[in-house]
Amino acid sequence: MERRSLLTGVAAAGLVIGLPGPATAAPARPVLEYGFDGGFVPPGWTALRPPTLVVYRDGTAIADAARRWWLRDAGRLVRHAVAVVRDPANGKATLDPDDPQVADDVDTYVEAGGRRLTAYALETYREYGAYPAATYALRDALEKATTRVRMHGDHFRPAAIKLVAVPLDTTESEIRPWPRQVVPPSFTGRDEWQSVIHLHGPAARAAVRALPRDDLADWTVYRLPTGRLAVVSWRHLLPHERAA
C-alpha cells in the first residue's frame with residue numbers, strides 16, 4: 001500500500017494519521033490496540049502483560065512491547081478493526097445448551113476508533129462458532145500482523161520500563177540480593193499485593209542491566225533492602241505509556 005493510500009484510508013475510518021517518520025517519533029496514542037485481559041494467571045502478570053499489538057498513527061506497530069516495525073497496510077487493518085468494533089453484536093457469544101462453559105479464560109480485546117470490543121474465550125469457542133465470523137476474521141488479521149512484526153521488526157528497547165514486584169512470605173527458589181543501583185519496589189501496607197514502578201532514562205537502563213531476564217515470564221526472587229522477599233520482572237514501556 002502506498003503511503004498516500006494509508007493516509008486517505010485511515011482518515012476515511014474517522015482517524016487522523018500522519019506521514020510515517022522514524023519509529024522513535026511515534027505519536028503518543030495508538031489508533032489500534034489488540035491484546036488480552038484476565039485469565040488464570042500468576043500474581044503480577046496482569047500488571048506486567050503488554051498489549052499484543054499496538055499501531056500508531058504513522059503506521060508504527062509494536063508487538064509484545066518487544067518488537068517494532070512499520071506496517072505498510074496499517075490503514076487497511078485499522079479500517080477493518082473500526083468496522084468490527086463499531087458493531088456491539090461482534091462481542092457477544094452465542095452458545096448452544098450442549099456447548100461447554102469455559103472458566104478462567106482470557107478476554108480478547110480490540111480498541112479502535114474510540115471504541116473497545118471484548119470477547120471472552122474467543123479462540124476457545126471458535127470451534128463452536130460462538131462469535132460472529134467478522135470477529136474471528138479480525139482476530140486472524142491481527143494475529144497475522146502481529147506475527148509479521150515479531151518476525152521482521154527491530155528490537156524495541158527504549159530507556160523506559162515497567163517494573164512489577166509481588167511480595168512473598170517464603171520461597172524455594174534462589175534468592176538474589178537487590179542491586180543497590182536500582183530503585184527498589186515498595187509496598188505501602190501489609191496487605192499490599194504488588195508494586196508497579198515506571199523507570200526512565202538512567203534509572204531504567206540501570207535496572208535492565210542489574211535485573212536480567214530472558215522474557216516476560218522470567219520472574220526472579222529478590223531480597224529487598226527492607227529484608228522482604230519479592231518476585232520481580234519488567235518490560236519496556238510503550239510510547240503512549242511513557243507519555244501518560
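Every heavy atom of this structure was used, including side-chain atoms; hydrogens, water molecules and symmetry mates were not.
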Visitor: Taking C-beta and beyond as the side chain, do Arg205 and His200 meet within less than 4.5 Å on heavy atoms?
Guide: no
Visitor: Does any N or O in the side chain of Arg49 come within less than 3.5 Å of the main-chain N or O of Phe36, such that one atom is a donor and the other an acceptor?
Guide: yes
Visitor: Check whether any side-chain N or O of Thr108 sits under 3.5 Å from a backbone N or O of Leu122 as a donor-acceptor pair, and report yes or no.
Guide: no
Visitor: Are Val110 and Val55 linked, directly or through other ILVMFWY residues, by side chains that come within less than 4.5 angstrom of each other?
Guide: yes
Visitor: Can you name the side-chain hydrogen bond (donor to acceptor under 3.5 Å, both in side chains) partners of Asp64, sequence neighbours left out?
Guide: Arg150
Visitor: Applying the 4.5 Å side-chain criterion to the ILVMFWY set and letting contacts propagate, would Ile197 and Leu237 be lumped into a single cluster?
Guide: no
Visitor: Taking all atoms of both residues into account, what is the closest heavy-atom pair of Val82 and Ala112, and its distance?
Guide: CG2-CB, 3.9 Å
Visitor: What pairs meet the ring-ring contact (aromatic ring centres under 6.0 Å, His included) rule with one or both residues in residues 209-230, with sequence neighbours excluded?
Guide: Trp178-Tyr222
Visitor: Heavy atoms only: give me the nearest Leu238-Tyr56 pair and the separation to one decimal.
Guide: CB-OH, 3.7 Å
Visitor: List the atom pairs, donor and acceptor, that lie under 3.5 Å between side-chain atoms in residues 93-106 and the rest of the protein, sequence neighbours left out.
Guide:
| unit_1 | atom_1 | unit_2 | atom_2 | d |
| --- | --- | --- | --- | --- |
| Asp99 | OD2 | Asp96 | N | 2.8 |
| Asp105 | OD2 | Thr124 | OG1 | 2.5 |

Visitor: Sequence neighbours left out, cut at 3.5 Å: what donor-acceptor pairs do the side chains of residues 156-171 make with other protein atoms?
Guide:
| unit_1 | atom_1 | unit_2 | atom_2 | d |
| --- | --- | --- | --- | --- |
| Lys162 | NZ | Ala47 | O | 2.9 |
| Thr171 | OG1 | Ser173 | N | 3.0 |

Visitor: Tell me the closest heavy-atom pair linking Pro88 and Arg86, and the distance in Å.
Guide: CD-O, 3.3 Å
Visitor: Salt bridge (charged side-chain N to carboxylate O under 4.0 Å, His left out) with Arg139: which residues, sequence neighbours excluded?
Guide: Glu123
Visitor: Anything under 3.5 Å between a donor and an acceptor, one on a side chain of residues 140-147, the other on a protein residue two or more places apart or in another chain? List them.
Guide:
| unit_1 | atom_1 | unit_2 | atom_2 | d |
| --- | --- | --- | --- | --- |
| Asp140 | OD1 | Arg126 | NH2 | 2.6 |
| Glu143 | OE2 | Tyr34 | OH | 2.5 |
| Thr146 | OG1 | Leu142 | O | 2.8 |
| Thr147 | OG1 | Glu143 | O | 3.0 |

Visitor: Locate the shortest heavy-atom distance separating Pro179 from Leu211; write the atom from each residue and the value.
Guide: CG-CD2, 3.7 Å
Visitor: Out of curiosity, Arg213 CZ to Thr220 OG1, how far, rounded to the nearest 0.5 Å?
Guide: 10.0 Å
Visitor: Does His80 have any ring-ring contact (aromatic ring centres under 6.0 Å, His included) partners at least two apart in sequence or in another chain, and if so, which?
Guide: none
Visitor: Any chance you could lay out the side chain to side chain contact (heavy atoms under 4.5 Å, CB included) test for His236 and His155, step after step, and finish with the verdict?
Guide: CA-CA 11 Å; His236 289 290; His155 288 291; over 6 Å; no
Visitor: Partners of Arg116 by salt bridge (charged side-chain N to carboxylate O under 4.0 Å, His left out), sequence neighbours excluded?
Guide: Asp37, Glu111
Visitor: Sequence neighbours left out, what passes ring-ring contact (aromatic ring centres under 6.0 Å, His included) with His152? Give chain and number order.
Guide: Trp69
Visitor: OG/Ser186 to CG/Leu224 distance, rounded to the nearest 0.5 angstrom?
Guide: 9.5 Å
Visitor: Salt bridge or not for Arg148 and Asp73, using N-O below 4.0 Å?
Guide: yes
Visitor: Against Val54, only a single residue in Val31, Leu32, Ile62 fulfils side chain to side chain contact (heavy atoms under 4.5 Å, CB included); can you say which?
Guide: Ile62
Visitor: For Trp45, what residues pass the ring-ring contact (aromatic ring centres under 6.0 Å, His included) criterion, not counting sequence neighbours?
Guide: none
Visitor: Tell me every residue that passes side-chain hydrogen bond (donor to acceptor under 3.5 Å, both in side chains) with Tyr125, counting only those two or more places apart in sequence or in another chain.
Guide: none
Visitor: List the residues meeting ring-ring contact (aromatic ring centres under 6.0 Å, His included) with Tyr136, not counting sequence neighbours, and say none if there are none.
Guide: none
Visitor: If I take atom CZ from residue Arg242 and atom NE2 from residue His198, how far apart are they, to the nearest 0.5 angstrom?
Guide: 11.5 Å
Visitor: If you measure from OG1 on Thr135 to CG on Asn90, what distance do you get to the nearest 0.5 Å?
Guide: 4.0 Å
Visitor: In Å, rounded to the nearest 0.5 Å, how long is the span from CG of Leu48 to CG of Leu216?
Guide: 5.0 Å
Visitor: Kindly work out whether a path of hydrophobic side-chain contacts (I/L/V/M/F/W/Y, heavy atoms less than 4.5 Å apart) joins Val231 to Phe187.
Guide: no
Visitor: Write down the atom of Arg223, the atom of Gly227, and the distance for their closest heavy-atom approach.
Guide: NH1-O, 3.3 Å
Visitor: Taking Tyr109's backbone N and O only, do any of them form a donor-acceptor pair with Thr118's side chain (distance below 3.5 Å, no angle check)?
Guide: no
Visitor: Give me the atom names and distance for the closest heavy-atom approach of Ala206 to Val182.
Guide: O-CG2, 3.9 Å
Visitor: Hey, quick one: are Val196 and Val183 part of the same hydrophobic cluster, counting side-chain heavy atoms closer than 4.5 Å, chains of contacts allowed?
Guide: no
